[in-house]
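Just follow the structure's listing: the first ligand is 1, and inside any ligand the first atom is 1.
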Amino acid sequence: MKYALIALPEHPTMAFDYSIPKDLEETLFTGSRVEVFFRKKRKVGYVIKIKERTEFATVLPISAHLQEGSVSSSLLSLAEWMALYYCAPLSKVLFTMIPSSILNPPEERTQLALVLARAQKETLEEIAKLRACFPKRALVLEKTLQKTPLPLQEVARFRSQVATLCKQKWLKKTAIPRASELLLQEEFFPSKKKSLTLEQKNAYLTITQALEERRFRSFLLHGITGSGKTEVYLQLTEKARLLGKDALILVPEVALTSQLIEKFRSRFQEPIGIIHHQRSPKEKLSDWKKMERGELHIVLGARSAVFAPLKNLGIIIIDEEHDSSYKQSEEMPTYNARDVAIKRGSLLSLPVVLGSATPSLETYYKAKSGKYTLLSMKERATSSPLAPITMISMEKEYEKAGGFTHFSAPLIEGIKKRAEKGEQTLLFFNRRGYRTSRVCLKCNKPLRCSSCDISLTFHKKENLMRCHLCHFQTKPPRNCPYCNALDLVTYKGFGTEHIERSLKALLPTIRTLRMDRDTTQKKGSHEELFRAFRSGKADVLIGTQMIAKGFHFPAVTLVGILHPERTLFLPDFRAPETVFQLVTQVAGRAGRADLKGEVLIQTHLPEDPTLLLAQKQDYTPFYEEAIEGRKLFLYPPFSRMIKVLISSPKQNETRLWAERFHQKLGEKLQKEHIYPITEPAHEKVCGRFRLHILIRTGQINKTSLLVKALLTEIKMPRSLRILVDVDCLSTL
Ligand code: ADP
Ligand code: ZN
C-alpha cells in the first residue's frame, strides 16, 4: 500500500496522510489534484508527496483523482524550493501558486430566459390572433419563437406583456448560463516589427542564442528610458514562438499591463493570456485551463503570473526588475517574483531577461560580477534625447511668491505654455488624498485611526477621513474625539487631490486627470484614464508612483516632480536607491517622441547628493556611490536580510514573544548578526501590535532553514503571528 501527503487549502500550514487506492496507483503523481473526505466533508486537495508508509494506524483512502487543475512537477519543485527559501509551509506556497478561482471554481452565473410553454403550431396561431389588439404581446411571443431560450434582458421593455404571457401559460421562465463575460475584445492596429538599433540587436542576438540552445542564463537588459526595451521583448517573444516555445512576460503593476497588452495584441495574431487581480475569477479560470491544455502561448501579468502553468516555456522576461511590487511582503511566502522567475528558469533550463533603466543594486552587482550577463542600451531608440532636469529650490519660490505654493513660477508657466500648444504635462507627487491629517486646534491632536498608528487622510471629494493602512473610513467628526472641542480643526499635509484642485484654481481652463489608488478602484479604470490622457482629453495628468512607470505618452513634454526627497527621510538603507529610481523613471516620461522634453524637480533639498546624481541621469556614478555605502555597512548584496515580524492584538504578548524569539534566534544562529528588537514604522496595524527582528546573514539557505525549524518548534498562542520576510525590501 502507498500513501500520499495531501495539502488542503482550508489548512494551508498543514498536510494530511491518505492511502492511495490500487486503481489510482498508476496515474497519481505529485501535484495531482484529488478529492478526499476530511472531517466527513468532501474536499479538493493536492498530492505533495507519495510515500511508502504512514505513522498513523488508520488513514482514509483518496476518493478520486481529478483530471484538470493539477500542478506540474516542475512547478512543484519550484514550490519546494520556495518553501525552504522563504521559510513557509509547502501547502501555503502551493496555494499561493494556484489562483483561488481554481481552488474554488466560481459558480456558473445564470440569467433568466423565456421558453415556449406550448407547441409551436399553437403558439403561431396565438400570435396571429394577438397581432391586431395586442401587438406587443404578439411581438414577445414571436421573438421567443425565433430564439429559444430568449434572455429576459432582451425583452426588458415588455415586462407587463411577459408577465401576462407567463400567467396565461404561453411562456415559461427558466435559468440559463450567462453568456461569457464581456472581455475587452478590441481591435488593434497591427504594428510592424521595427528594425532594431545596433544596441537592441546585440541584446536580442545574445539572448536568442540561449533561447535556441535551451540554456539557463540570466540577462540584465540595462537600457535607459526610451531605449526600446519593449521592442526587444516583442522580438524575443516572436523568436520563442517561432521555435515552438511559450513566453512569459512580467510587468510590475496592473497600471502598466494595459499598455503592454496593447503592444503585444497589436503585434501577435494569437490570443494573449493576462493575469492580474482585476480580472474576474471566471476569466482567470478560463485562462489557466487554456494554459494547461497548451492553448495559450504568450502570457502577460503581474507578480503572481510567475506561476503561470505554461506547457512549453521557453523564455521569461521581467520588465522593471527593480520594482518593489514584485515582492510580497505582508504575507507568507514573502517571495520576490523576479527571484522566483530566475529559479524557474534554472529548473527549466531557459533564459531569464531582467529589464530596467534603474536596476536594483543587487542585480547590477550580480551583472558586474559576471553572474548575470550585462546587456547595455545607452541610446534612445528614437531620435529624441533624454530630457534635461532642472532643480528648483522651493524655499526661494516661497520667498518670491510671498508664501506657500505647490507650484514654482517655471512650472506653472511651463504647464500654461504646453496647454496652449496642445502638449501635455505629467505631475508626480507620491501621496494621495486631499490633506494628510486633520488636527484639533484645542488639544493639537491629529485624528487617528483606532486600529493603526497613523493619522487619517482627508479625501475632499467624498468628504471622508480614510486610513491608508486598514482602509477604515468615516465622515469627518464635528467633535474632537480626544478633547471634545466642537468645529475647531485645521488640516495639514497635502496629497494629489489637493494638488489637482490648487492647479485648477490657478489655471481654471486647464483640463486635468488624476491617477492614484483612489481613482483606479474600478475594473478597467487604468485603461480608461490612460487612453483618455493619451488621446488628449486632458492637459495635465497628476498622479502617484502609478504614473511613474513605463508609460509612453508622445505629447508629454513637461514633467514636474514634486518633493521626491520625502522618501529620503526614511531611515532605510534603500531610501536613496528608491529616490534615484523614481526620479529617473518619472523623468523618462518626458519628450519621448519628436517633441523636446523638460523635467522640473521641485524640492527643499536642491543640494542633496542623491537628487544631484538623479539629475545627471547616469546610473553608473550613482551605482558606484551607493554600492560603497552598502559595502561599508554589509548591507545587501554583501549580505542577505531577513525580517521577522511578530504581531498580536495584545501589546504585552507581542513584546513577550519577540523577546523569546529573539533569544531562541541567538541560540540557534551564532554566525549571523541579529539586530535588537525594534519598533516598525507602524507599530500598530489593523488592531495588531507589531515588533520586528532583523537578521543579517551570509548564508541565506542555512539561515532560512534554521528559522523555519524554529517556527515549527515553538508552541505559540493562536493570537500571535510570526511573519518571516526573506530578502526584505525595507527594514522599517
Ligand atoms: P523603454 O521601454 O526602453 O523605455 P520603449 O520600448 O517604450 O522604451 O521604446 C520607446 C520608443 O521607441 C517607442 O515609441 C518605440 O516604439 C520606439 N522604438 C523602439 N525600438 C525602435 C526601433 N528599433 N526603431 C524605431 N523606434 C523604436
Ligand atoms: Zn487603520
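Note: no N/O pair closer than 3.5 Å links Thr225 and ligand 1 by distance alone.
Using a 3.5 Å distance cut-off with no hydrogens or angles, the side chains of His322 and Ser356 do pair a donor with an acceptor. Residues Ser191 and Arg267 bring a donor and an acceptor atom of their side chains to less than 3.5 Å of each other. Side-chain contact, Thr358 with Gln581: no donor N or O sits under 3.5 Å from an acceptor N or O.
Of all atoms in ligand 1, listed by their number and element, those nearer than 4.0 Å to a heavy atom of Thr382 are 12 (O), 17 (C). Contact atoms of ligand 1 toward Leu196: 23 (N) (distance under 4.0 Å to a heavy atom of the residue). Taking every heavy atom of Ser227 and a limit of under 4.0 angstrom, the matching atoms of ligand 1 come to 3 (O), 8 (O). Interface atoms of ligand 1 facing Ala381, defined by a heavy-atom separation under 4.0 Å, are 12 (O), 18 (N), 19 (C), 20 (N), 21 (C), 27 (C). Taking every non-hydrogen atom of Ser195 and a distance limit under 4.0 Å, the qualifying atoms of ligand 1 come out as 22 (C), 23 (N), 24 (N).
At a 4.0 Å heavy-atom cut-off, ligand 1 touches Lys229 through backbone and side chain alike. Here Lys263 has side-chain heavy atoms under 4.0 Å from ligand 1, and that is the only part of it that gets that close. Contacts with ligand 1 closer than 4.0 Å are made by no heavy atom of Ala357, backbone or side chain. Both the backbone and the side chain of Thr230 come within contact range of ligand 1, each with a heavy atom under 4.0 Å.
The aromatic rings of His498 and Phe494 sit tilted relative to each other, their planes meeting at an angle between 30° and 60°. Ring planes of Phe530 and Phe553: tilted class, angle from 30 to 60°. The aromatic rings of Phe622 and Phe580 sit parallel, their planes meeting at an angle under 30°, below the 60° perpendicular limit.
Of the charged side-chain nitrogens involved, at least one lies within less than 4.0 Å of a carboxylate oxygen, so that Arg655 and Glu679 count as a salt-bridged pair. A salt bridge links Arg418 with Glu598: at least one charged nitrogen is closer than 4.0 Å to a carboxylate oxygen. A salt bridge is absent between Lys327 and Asp339; no separation between the charged side-chain nitrogens and carboxylate oxygens falls under 4.0 Å.
Metal site remark for the Zn ion (ligand 2): Cys686 contributes no N, O or S atom at a distance under 2.8 Å. For Cys470, the nearest N, O or S atom to the Zn ion (ligand 2) falls under 2.8 Å. Coordination check, Cys449 versus the Zn ion (ligand 2): passed, since an N/O/S atom of the residue sits under 2.8 Å.
For atom 23 (N) of ligand 1, the choice among Glu231, Gln200, Glu199, Lys193 with the nearest heavy atom turns out to be Gln200. For atom 13 (C) of ligand 1, the candidate residues are His552, Arg380, Glu320; the nearest heavy-atom contact is made by His552.
Assignment of Gly223 to the shell around ligand 1 is not supported, since no heavy atom sits closer than 4.0 Å.
When each of Ile272, Thr237, Leu248 is tested with Leu300 by the rule side chain to side chain contact (heavy atoms under 4.5 Å, CB included), just one qualifies, namely Ile272.
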